[in-house]
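I have placed the structure first, in the form of structure tokens, so that the comments after it can refer back to it.
Because the structure is a prediction, the values reported are computed rather than measured. Chain letters run A, B, ... following the sequence lines, proteins first and then strands; every chain starts at 1.
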2 protein chains.
Amino acid sequence: MSSQDGRYHHGDLRAALLTEAAAMIAEGGAASLTLRGIARRLGVSRAAPYRHFPDKSALLVGVASAGFARLGERLQSIEAGAPRSSVERFRRMGEEYVRFALENPAHYRLMYGKEALTREDIPELHASADALLAQLVDVIKAQQRSGGIKRQDPRTQAYIAWSTVHGLASLLIEGQIQPAGEVDDLIRKTTRTLLDGMRVRRRPAP
Amino acid sequence: MSSQDGRYHHGDLRAALLTEAAAMIAEGGAASLTLRGIARRLGVSRAAPYRHFPDKSALLVGVASAGFARLGERLQSIEAGAPRSSVERFRRMGEEYVRFALENPAHYRLMYGKEALTREDIPELHASADALLAQLVDVIKAQQRSGGIKRQDPRTQAYIAWSTVHGLASLLIEGQIQPAGEVDDLIRKTTRTLLDGMRVRRRPAP
DNA sequence: GTTTGAGTGTTGACACTGTCAACATACACT
DNA sequence: AGTGTATGTTGACAGTGTCAACACTCAAAC
């Protein structure tokens, strides 16, 4: 019985592990997260986490998965709010996506970098990402109906849009991009360019 | 004297470390690369690498940097070859970028994921990436002059293009994107959409 | 041609990590 | 009250990055 608060059972260690892990990642990056360290911070023994996650990778998958859920909710909230035109709403979602990444860089990195995850099958993580994709596909279909963007395979278009915002987010986070002016400016221009490419063309290019 | 070949001095251990590290990363991912492991494979003692790199992170930076150089050369070769129109050449560079990533997934991941790199300052790595960016800016300026794409801040446009191809490459590598048809198809469509967005618009969108 | 010093490679050691087996405790249900 | 299951603990092991102390090699200075 070495728990800080004198209890033998923690109460809800599983949830505590997830939130504490997320906190540690936010503080010092995923590399700073160690199973023993998190156990120490929670006043619990080294092996306790193993009662809730088969290994470290599984815990990380859990944290990453929660990140996808949060990101999804955030995009949903943009979709709910109603800016002017409907294409503009789509563009705003892209902006919000990048902002989320910039606000939670280490978490975002974990979500996409399987580097730290040694397990072969990460179905849970892929499911979370797929949910996000489905959300995006729905919005694109709606935009196609309203004539905002080209009528092509919406899934392909979703991949393209996702690639654009993810790429921008990723390069910004890693510090590869150091924009001359405001970051928001770059984000806006990027989403505009993307949208221009997805829009219905008046005349085919020569 | 425990060297496999009986020599006390290796000859060019620094270069051997870099190439062997790249090979190990290609085989089993960056996570599988361990300083002791690479030393073992080179028939050298654990501490030998420390005579050439201050720590593991420095070795990884070296490998990643070499990756940027190789990628740069590859894009250069596309620029040298002369496809039909000049905009098409630009697009082809984007395709080639993604292909490079798909052919060297683990290496590419290392180049962009600072996850594994604990050091604060990675000037060498940023310099390598900046060289790539400069290359891209040059091409964009040329395309602007020939009227292929909009006349805007070329650096910003380079960021946008880079984001698009990097995002696509990244999502493909991580398995987040599972295209319905051929991968090449998706790559082509993505670069086309990007280019459409960067092209000079005949009429402003309503 | 010997000496010497820098460059390079080796061994021993330390703290740290993820993980497992064996054991202990607390709670829920009969 | 009794018992089984979920949860938490301790001890142990192999593996890791890293450092200090030592060994070897070779080229330049005498």
Can you see if the side chain of His52(A) gets near the phosphate of dA6(D) - specifically, an N or O under 4.0 Å from OP1 or OP2?
no
Over how many whole Å does the gap from Leu42(A) atom CG to dT9(D) atom C1' extend?
15 Å
Measuring to OP1 and OP2 of dT16(D), would you say a side-chain N or O of Thr34(B) lies under 4.0 angstrom away?
yes
Could you tell me how far apart Leu35(B) (CG) and dT16(D) (P) are, to the nearest whole angstrom?
10 Å
Using only modelled atom types and a 3.5 angstrom limit, is any donor from either the side chain of Arg51(B) or the base of dG7(C) paired with an acceptor on the other?
no
Answer with yes or no after comparing the ring centroid distance for Tyr159(A) and His166(A) against a 6.0 Å cut-off, counting only values under it.
no
Select one nucleotide: of dT8(C), dT19(C), dA22(C), the one nearest the side-chain heavy atoms of Arg36(A).
dT19(C)
Where the side chain of Ser45(A) is concerned, which of dG8(D), dG18(C), dA21(C) is the nearest nucleotide?
dG8(D)
Does Glu182(B) CD have over 12 foreign heavy atoms under 6.0 Å away?
no
Just compare dG17(D), dT16(D), dG9(C) and give me whichever is closest to any side-chain atom of Arg40(B).
dT16(D)
Can you measure Leu59(A) atom CG to dT17(C) atom P for me and round it to whole angstrom units?
15 Å
We want to know whether Gln152(B) and Gln144(B) form a side-chain donor-acceptor pair, criterion being a heavy-atom distance below 3.5 angstrom.
no
If you count heavy atoms of other groups shown closer than 6.0 angstrom to CZ of Arg91(A), is the number above 12?
yes
Whole-Å distance between dT16(D) C1' and Leu60(B) CG?
14 Å
Are OP1 or OP2 of dA20(D) and a side-chain N or O of Arg46(B) less than 4.0 angstrom apart?
no
Separation of dG9(C) C1' from Leu17(B) CG (nearest whole Å)
12 Å
Once you round it to whole Å, what is the distance between P of dT18(D) and CD1 of Ile38(B)?
13 Å
Where each residue is assigned the nucleotide of DNA chain C containing its nearest heavy atom, which of Asp12(B) and Tyr50(A) is assigned the position nearer the 5′ end?
Asp12(B)
Please report the distance, rounded to the nearest Å, between CZ in Phe53(A) and P in dG18(C).
14 Å
Among residues at least two apart in sequence or on other chains, which ones pass side-chain hydrogen bond (donor to acceptor under 3.5 Å, both in side chains) with Asp184(B)?
none
